[in-house]
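Computation of the quantities below employed the complete heavy-atom set of this structure, encompassing side-chain atoms and omitting hydrogens, waters and symmetry-equivalent molecules. The first residue in the sequence is number 1, and the count goes up from there.
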Amino acid sequence: MRLRATVVLPLVLVLAACGKSAPAPAPDAAAPPPTETQAPPTSAPPEAAADAAPSESPEDAGAATTAAADEDAAATAAANEDATAAAPKGDAMLWAGAVTAPGGMELGIEVALAKNADGAWSGTISIPMQNVKDHVLDGVAADDHALAFTLKLPGMPEAAWAKFTATLAEDGKTAAGTLHQGGLDLPLKLERTTAEALAASAPKRPQMPAPPFPYTVREVSFKHPTTGATLAGTITAPADDAKHAAAVLITGSGLQDRDETIFGHKPFLVLADWLTRHGVVVLRVDDRGVGGSTGDAESATVLDNATDVEAAFRFLREQPEVDPAKVGLIGHSEGGIIAPVVASRVPEVAFVVALAGTGMTGEELIPLQYALMAKAEGVADTAVAATLALEKAAIAAAAKGEPRDVVKTAVKALVAAQSPEIAGVSKEELESDAFLERAVDQLLGVWFLSFLRLDPKAYWKQVKCPVLAVGGSLDMQVPAEENLALIAAAVKEGGNEDVTTMTLPSLNHLFQTATTGGLSEYATIEETFAPTALELLSTWIAGKTGGAAPEK
């Protein structure tokens, strides 16, 4: 749900989906929140944010790096399975603490260390905000004075690994040190704790659905018609023999699970529960390469992801509980871009709902994200304006397909202008070649380039079914006013007058009731999905599909 983050810091992207490079937020972000609010060296699209982040148009920010958003969260299942199998034996000592990311955002971590029978140390790390749980650590060492451990990222160079070192206080109850990753040194603080204390401190998520449910729930899987990949998900349907309206939920950018999990929130689980209680059959699906879904996520473009959604749409129409003439699409962040792409190609789509969807290219959106986030962080207007010009130049170089050395030069100028604004990271670290190369890799990534270049308006003009486009007034990843106006204009330009746009007050990119809209709030807000937004969706869908059953 986060389109990834606006910044391209390699930071804890390391921590982010354990092995998956987390992109900056894009429309959705939802990407992990951390640094999405800061003034980034270079931006990434919506997710995002988020989803983030959300997700994500869609969502998310580099794992520890920028929020994200964002990002990213749900792609860690396989890595977590491996980690659990190799969890430390013996009496583990637990540490809880946080890494302080650029901009002041704290990324919480939990570490379990144990001395095994042979005298060697082993350990695991959990990062709740990024859905990383009990991931095996390497190079674990501990004594009465210091701790050290490394989080390796599969498929990533050693420079991208997260290396933690900390010195214990005299009482052995606290430790302070550094996370070194990708040329950055970030402050680390740890404190001895217990399993009971960790459980008690877990964030509350009061909207999380829990059984028994007044509807049916079943796990499903189906094949992509051309790639042969398996796509896995969950269908929730009213528990009766009638045919119902139905919807496919489309996640934001980054690697997302079917619930669009982020910071302990499961927005799509909450949304599916609400809609199904109001008479709508819902299919939510793991992104390719995530959870139960297979396929190549690393080389997928926005349009590639759209083919997965088309396959899901056709599968849902065939289900026994579904009225095939009343099946629509609900996309968040990047999903709000994919929805019109699919609807423009598949005339059977009955309705489209875009949650924090975009009406502009990524090349246009990212500077807007940067400006909003930088101002929210207190960056002076003059500094924002100067950096904005450099950011646009770097993004334009990537979008136009300029040679890598040209893009790197533009990124270097951008980083040099921003580095003094980013607290806690030295100018030397940000201007290191390792950091610059990583930023360029993200800008020139397959997905990112497709996001920069794709113009949603071309697809919105071809959507002929009813459209509802909704944004939050506090969304910093996909500014509602600008994007909703473009979506409405494009739909009407194509001859479709059945378009409704709404900006919901006090909601952020994840459709939470927020105070500032900053990414740092995503994890701390207990609400997962604002009731006003849920009510709007179920009422609008009922009106467009001939009515829905009341909640049972």
Side-chain angles (χ1 to χ4, degrees), residues 1 51 73-78 80-81 131 133 205-224 230-252 255-262 264-288 290-294 308-309 311-324 326-332 335 350-351 353 355 511 527-529 531 533-535 537-538 541-542 545 547-552:
M1 317 191 266
D51 267 235
T76 62
N80 287 340
E81 289 178 6
N131 256 22
K133 182 172 177 59
R205 299 293 180 250
Q207 289 177 295
M208 190 74 76
F213 301 116
Y215 50 78
T216 65
V217 180
R218 73 176 190 273
E219 304 305 297
V220 298
S221 64
F222 50 95
K223 294 290 186 180
H224 190 288
T230 295
L231 296 172
T234 301
I235 287 180
T236 51
D240 57 33
D241 297 325
K243 298 280 189 178
H244 295 270
V248 176
L249 303 189
I250 313 170
T251 62
L255 297 175
Q256 301 285 309
D257 68 12
R258 68 192 69 184
D259 297 327
E260 209 177 42
T261 304
I262 178 173
H265 290 287
K266 293 181 178 291
F268 275 13
L269 175 58
V270 172
L271 178 55
D273 176 79
W274 175 272
L275 291 177
T276 307
R277 288 174 183 271
H278 288 77
V280 180
V281 179
V282 177
L283 169 62
R284 58 192 199 275
V285 182
D286 293 330
D287 287 358
R288 57 170 67 187
V290 176
S293 294
T294 63
D308 296 348
V309 174
F313 173 81
R314 296 192 184 282
F315 173 78
L316 182 57
R317 292 185 78 226
E318 298 172 349
Q319 302 311 300
E321 311 95 332
V322 172
D323 182 339
K326 298 180 180 180
V327 182
L329 305 171
I330 302 175
H332 175 237
F351 61 86
V353 176
L355 301 170
F511 289 84
E527 179 182 82
T528 296
F529 212 114
L534 294 171
E535 182 65 43
L537 265 61
S538 59
I541 292 172
T545 60
E551 180 178 355
K552 297 179 180 179

Student: Is the shortest heavy-atom distance from the side chain of Tyr215 to the side chain of Asp273 under 4.5 Å?
Tutor: yes
Student: Under the side chain to side chain donor-acceptor pair (under 3.5 Å) test, which residues partner Arg314, sequence neighbours left out?
Tutor: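 Listed in chain order: Glu310.
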Student: Measuring from atom CD1 of Ile330 to atom CG of Leu271, what distance do you get when rounded to the nearest 0.5 angstrom?
Tutor: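 Rounded to the nearest 0.5 Å, the CD1-CG separation comes out at 5.5 Å.
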Student: Quick check: does any side chain N or O of Thr294 sit under 3.5 Å from a backbone N or O of Thr230, one acting as donor and the other as acceptor?
Tutor: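 Yes: the side chain of Thr294 pairs with the backbone of Thr230.
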Student: For the CG atom of Leu249 and the CD atom of Glu260, what is their distance to the nearest 0.5 Å?
Tutor: 8.5 Å
Student: Under the 3.5 angstrom rule, does the side chain of Asp287 hit a backbone N or O of Leu255 as a donor-acceptor pair?
Tutor: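 Pair absent, no side-chain N/O of Asp287 close to backbone of Leu255.
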Student: Look up atom NE2 in His265 and atom CG in Asp259, then write down how far apart they are to the nearest 0.5 Å.
Tutor: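 That separation rounds to 13.5 Å.
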Student: Any idea which heavy atoms bring Phe529 and Leu534 closest together, and the distance?
Tutor: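 Smallest interatomic distance, heavy atoms only, reads CD2-CD2, 3.5 Å.
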Student: If you compare all heavy atoms of Ile235 against all heavy atoms of Gln319, which two are closest, and at what distance to 0.1 Å?
Tutor: CD1-CG, 3.7 Å
Student: How close do Pro320 and Lys243 get, counting heavy atoms only, and between which atoms?
Tutor: O-NZ, 2.9 Å
Student: Determine whether a donor-acceptor pair (N or O, by modelled atom type, separation under 3.5 Å) exists between the side chain of His244 and the backbone of Gly279.
Tutor: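 Judged by distance alone, yes, a pair lies under 3.5 Å.
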Student: Which pair of non-hydrogen atoms, one from Phe351 and one from Ala247, has the smallest distance, and what is that distance?
Tutor: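 Distance-wise, the nearest heavy atoms are CZ-CB, 4.1 Å.
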Student: Indicate yes or no: at least one non-hydrogen side-chain atom of Val220 is less than 4.5 angstrom from one of Arg218.
Tutor: yes
Student: Looking only at atom types and distance, does a side-chain atom of Thr216 sit under 3.5 Å from a main-chain N or O of Ala239, one as donor and one as acceptor?
Tutor: no
Student: To the nearest 0.5 Å, what is the distance between CG on Leu269 and OG1 on Thr236?
Tutor: 9.0 Å
Student: Under 4.5 Å between any side-chain heavy atoms of Pro214 and Arg277, yes or no?
Tutor: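 Heavy-atom side-chain distance check passes, below 4.5 Å.
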Student: Using every non-hydrogen atom in the two residues, find where Asp308 and Leu231 come nearest and quote the distance to one decimal.
Tutor: O-CD1, 3.8 Å
Student: Of the non-hydrogen atoms in Thr251 and Val285, which two are nearest, and what is the gap between them?
Tutor: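 Smallest heavy-atom distance, with atoms named: CG2-O, 4.5 Å.
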Student: Can you tell me how far CZ of Arg258 sits from CD of Glu219, rounded to the nearest 0.5 angstrom?
Tutor: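 If I round to the nearest 0.5 Å, the distance is 5.0 Å.
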Student: Say whether, by atom type as modelled, one donor and one acceptor occur between the side chain of Thr545 and the main chain of Lys326 under 3.5 angstrom.
Tutor: no
Student: Could you measure the distance from the CZ atom of Phe511 to the NE2 atom of His332? Nearest 0.5 Å is fine.
Tutor: 5.5 Å
